Q: 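One structure, pasted below without further comment.
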Amino acid sequence: MSGQRSFFARLCRYYLLFTAGFAAFLLALSVLEQEGMPRAWIGYLFMLVTITLYATIGVISRTSNVTEYYVAGRRVPAMFNGMATAADWISAASFISLAGGLYLNGFDGLAFIMGWTGGYCLVALLIAPYLRKFSQYTIPDFLAARYGSGADKRGASVRVVAVAATIIVSFTYVVAQIYAVGLIASRFTGVDFSVGIFLGLASILVCSFLGGMRAITWTQVAQYIIILVAFLIPAMWLSVKHADNPVPQLAYGKVLPQLSAREHVLETDPKENEVRTIFRQRAQSYQARIAGLPASWEQGRLAAQRQLDSLRQRNTSLFDIRNAERTLIAYPKSPDEARVLWQAAQAQNQKRAEPIIPHAQPFPAADRAQSDIKRNNFLALVFCMMLGTAALPHILMRSYTTPSVHETRVSVFWTLFFILLIYLTIPALAVLVKYDIYSALVGTQYTHLPTWVSYWANVDKLSPLISIVDVNRDGIVQLAEISIDADVLVLATPEIAGLPYVISGLVAAGGLAAALSTADGLLLAISNALSHDVYYKVVDPTASTQKRVTISKLLLLAVAFIAAYAASQKPADILSLVGVAFSLAASTLFPPLVLGVFWQRANYQGALAGMLAGFGVCLYYMLHTSTMLGGNANGQWMHIAPISAGIFGVPAGLAAAILVSWLTPAPGRRSVGLVEHIRAPE
């Protein structure tokens with residue numbers, strides 16, 4: 001016990017020194033900025049120093065010991081495990097996208113916050129302490145032991161299915177994190193988006209490759225400190241600016257009525273309505289072109305070709321000719337391609353033609369039926385995020401790293417505390433930024449647009465993160481003319497608020513820390529599942545500890561590069577990818593985990609049926625209803641969005657597991673004994 005106390009005290013000293021050093025670094029950069037240091041150098045320094053720091057911790061914590069590599073030696077104190085888990089949890093979706101989602105969707109965006117924080121209550125009550133009592137390495141380990149009988153190797157089948165689920169869920173999630181890394185690196189170093197992805201990947205690999213869970217844990221504690229400082233400083237600045245109060249949560253209540261009043265003014269502004277009418281007309285035009293296919297496609301192609309020929313014959317400027325050539329090249333190559341592109345353009349214009357969504361109004365809609373649909377989707381999303389949280393492999397793995405079951409329970413408390421420091425600030429930040437844009441940017445002359453607009457518009461020229469176009473040609477910015485991506489809002493907050501550029505670098509470092517910390521945990525979950533649960537437990541049970549760790553490191557490299565390639569293709573926005581991962585985790589892993597702990601009658605056949613049924617229903621619904629995956633929104637059940645497919649997958653998984661367990665023989669004494677063991681008081 002005294003050894004644990006001295007270890008805890010030593011960790012406190014180390015991280016206090018780290019915090020002081022980081023504060024000194026911020027102060028030094030602030031002074032250098034005042035002295036005229038170029039902005040690009042500040043961005044380079046933040047990226048270089050933070051990545052070097054994480055790499056140094058990775059090198060110091062390198063290990064080939066199996067227990068250290070998989071579960072950090074089971075000696076991480078509860079408070080520090082809580083900080084590490086919070087950093088693991090506060091991914092790019094939370095740090096970068098969640099405030100942006102609230103900015104765009106208002107009340108509806110709270111579903112993520114309610115679901116994710118509520119999910120940790122389920123982790124504490126239903127799963128984490130029992131996994132720690134089990135004292136192994138991975139989630140498939142627990143499921144194989146709980147549902148396998150030992151003699152006939154039934155656990156191997158459960159293990160393989162659980163490994164497949166772990167890989168699919170974690171891979172989907174890690175692609176979103178690596179996408180965020182590329183976004184941040186490209187903005188603050190000026191490199192191409194794809195190059196930025198692989199630069200960030202190098203930092204991820206140094207920690208997870210060299211030291212596994214041991215290196216990741218101590219890196220994530222440092223990353224949480226950076227995340228907290230980076231998120232709170234801009235929020236506190238805006239809070240003082242708009243409410244004369246440095247506590248964002250208190251300023252939230254004062255600014256929200258002011259935002260509602262500003263929304264009402266903009267809603268009745270004739271210029272705003274003029275712009276929305278133009279967007280509505282554009283949507284109708286695309287609808288007419290879609291209805292006229294394939295003739296409309298042929299007419300459009302001929303018109304573009306005639307325009308180019310006319311410009312060439314008149315010897316107009318090379319600039320105009322090049323624009324006409326680009327228009328012709330970008331024109332759809334077939335009627336089918338035209339249909340897809342025009343439908344997307346119609347939906348985009350129709351969305352921008354809609355009236356302002358009141359930020360504080362729950363489930364705003366034109367009629368009661370539409371409002372009920374929004375409410376049902378809100379509740380479905382909360383449900384999926386909660387159960388998905390309670391089944392995420394990379395989060396549950398952290399239950400194995402504490403010294404005891406009691407420490408695991410305390411660790412979950414600390415995790416919730418550290419998460420809430422961020423999550424209670426996110427809604428306040430969304431309102432503060434929204435009020436700033438509505439009152440300062442809207443109404444600005446186009447000749448006086450702030451410089452941050454052009455900075456962010458040039459990060460990705462093919463799919464701009466922010467776009468402000470004078471649609472009605474009056475020279476004044478209207479709200480409807482602003483298109484801003486949810487993934488850019490937090491990163492641009494310091495510039496929106498007028499803070500020194502060093503704070504922009506700090507926020508980028510925080511976003512990078514959030515993405516890297518989660519990516520580290522996810523990649524380790526995938527590689528450990530493959531090396532421990534497949535290679536060691538199924539392929540080669542006689543493998544030495546050194547060989548097992550080496551295999552894990554090699555697999556981690558392979559998975560990381562595949563995920564980086566997938567992220568470079570920009571498959572979807574960060575929040576959508578994360579939502580898919582949570583629905584799949586809830587549908588596939590939650591039923592066998594909870595039934596495995598609390599229902600002794602659950603057996604091998606039921607676990608397999610539950611995982612396969614839950615995954616199958618969830619995946620089918622996503623493929624069937626998501627336009628991004630080739631489905632059709634008209635196929636939705638009860639108008640539930642594809643991101644909440646877990647609302648159908650979880651009941652299907654539970655029902656299949658329970659029904660099949662009842663119809664097949666009861667589990668053996670070994671499985672029953674394991675349940676009694678993990679549920680016995682420590």
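Every value quoted in this text rests on a predicted model; they were computed, and no experiment measured them.
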Q: State yes or no: are the ring centers of Tyr620 and Phe648 separated by less than 6.0 Å?
A: no

Q: Assess, by modelled atom type and distance only, whether the side chains of Ser411 and Thr402 contain a donor and an acceptor separated by less than 3.5 Å.
A: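 Checked: Ser411/Thr402 side chains show no N/O donor-acceptor pair below 3.5 Å.
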
Q: Fit a plane to each ring of Phe417 and Phe413, take the angle between them on a 0 to 90° scale, and name the class: parallel (under 30°), tilted (30 to 60°) or perpendicular (over 60°).
A: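 Parallel: the ring planes of Phe417 and Phe413 meet at under 30°.
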
Q: Quick one: do Tyr15 and Phe80 satisfy ring-ring contact (aromatic ring centres under 6.0 Å, His included)? Show the steps, please.
A: CA-CA 10 Å; Tyr15 285 107; Phe80 288 99; 5.7 Å; yes

Q: Looking only at the side chains, is there a donor atom on one of Ser671 and Asn603 sitting less than 3.5 Å from an acceptor on the other?
A: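 No, because no side-chain N or O of Ser671 sits under 3.5 Å from a partner of the opposite role on Asn603.
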
Q: Under a 3.5 Å distance rule, please check whether Arg146 uses its side chain to pair with a backbone N or O of Gly596 as donor and acceptor.
A: yes

Q: Let me see the working for Leu11 and Val221 under side-chain contact (heavy atoms from CB on, under 4.5 Å), right down to the final yes or no.
A: CA-CA 10 Å; Leu11 288 173; Val221 175; over 6 Å; no

Q: Check whether any side-chain heavy atom of Phe231 sits under 4.5 Å from a side-chain heavy atom of Ile426, and report yes or no.
A: yes

Q: Which atom pairs, one a donor and one an acceptor, fall under 3.5 Å between side chains of residues 82-90 and the rest of the protein, sequence neighbours left out?
A:
{"unit_1": "Thr85", "atom_1": "OG1", "unit_2": "Asn81", "atom_2": "O", "d": "2.6"}
{"unit_1": "Thr85", "atom_1": "OG1", "unit_2": "Arg398", "atom_2": "NE", "d": "3.4"}
{"unit_1": "Trp89", "atom_1": "NE1", "unit_2": "Tyr423", "atom_2": "OH", "d": "3.4"}

Q: Closer than 4.0 angstrom, basic N to acidic O: yes or no for Arg75 and Glu68?
A: yes

Q: Can we call the ring centroids of Phe142 and Phe134 under 6.0 Å apart?
A: yes

Q: When you compare the side chains of Asp540 and Thr542, does any donor N or O come within less than 3.5 Å of an acceptor on the partner?
A: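 Indeed, the side chains of Asp540 and Thr542 share at least one donor-acceptor pair under 3.5 Å.
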
Q: Is it true that atom OH of Tyr565 has more than 12 heavy atoms of other residues, nucleotides or ligands lying nearer than 6.0 Å?
A: no

Q: Quick one: sort the Trp116 and Phe582 rings into parallel, tilted or perpendicular, breaks at 30° and 60°.
A: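 Geometry flag for Phe582 against Trp116: tilted rings.
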
Q: Keeping Ser404 on the side-chain end and Glu407 on the backbone end, is there a donor-acceptor pair under 3.5 Å?
A: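 Answer holds: yes.
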
Q: Check whether Tyr621 reaches the backbone of Pro642 with its side chain - one donor and one acceptor, N or O, closer than 3.5 Å.
A: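 No, because the side chain of Tyr621 does not come within donor-acceptor range (under 3.5 Å) of the backbone of Pro642.
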
Q: Among side-chain atoms of Lys547 and Tyr536, is any donor-acceptor pair under 3.5 angstrom?
A: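 On atom types as modelled, these side chains do not qualify, holding no pair under 3.5 Å.
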
Q: Are any side-chain N or O atoms of Ser527 and backbone N or O atoms of Leu524, one a donor and one an acceptor, separated by less than 3.5 Å?
A: yes

Q: Looking at side-chain heavy atoms only, is the closest gap between Leu522 and Gln177 below 4.5 Å?
A: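 Yes, close enough: below the 4.5 Å cut-off.
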
Q: Sequence neighbours left out, what passes ring pair (Phe, Tyr, Trp, His ring centres under 6.0 Å) with Phe615? Give chain and number order.
A: none

Q: Backbone N or O of Tyr130 within a donor-acceptor pair of the Arg679 side chain at under 3.5 Å?
A: no

Q: Quick one: does Ser517's side chain have a donor or acceptor within less than 3.5 Å of a partner on Ala514's backbone?
A: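 Yes.
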
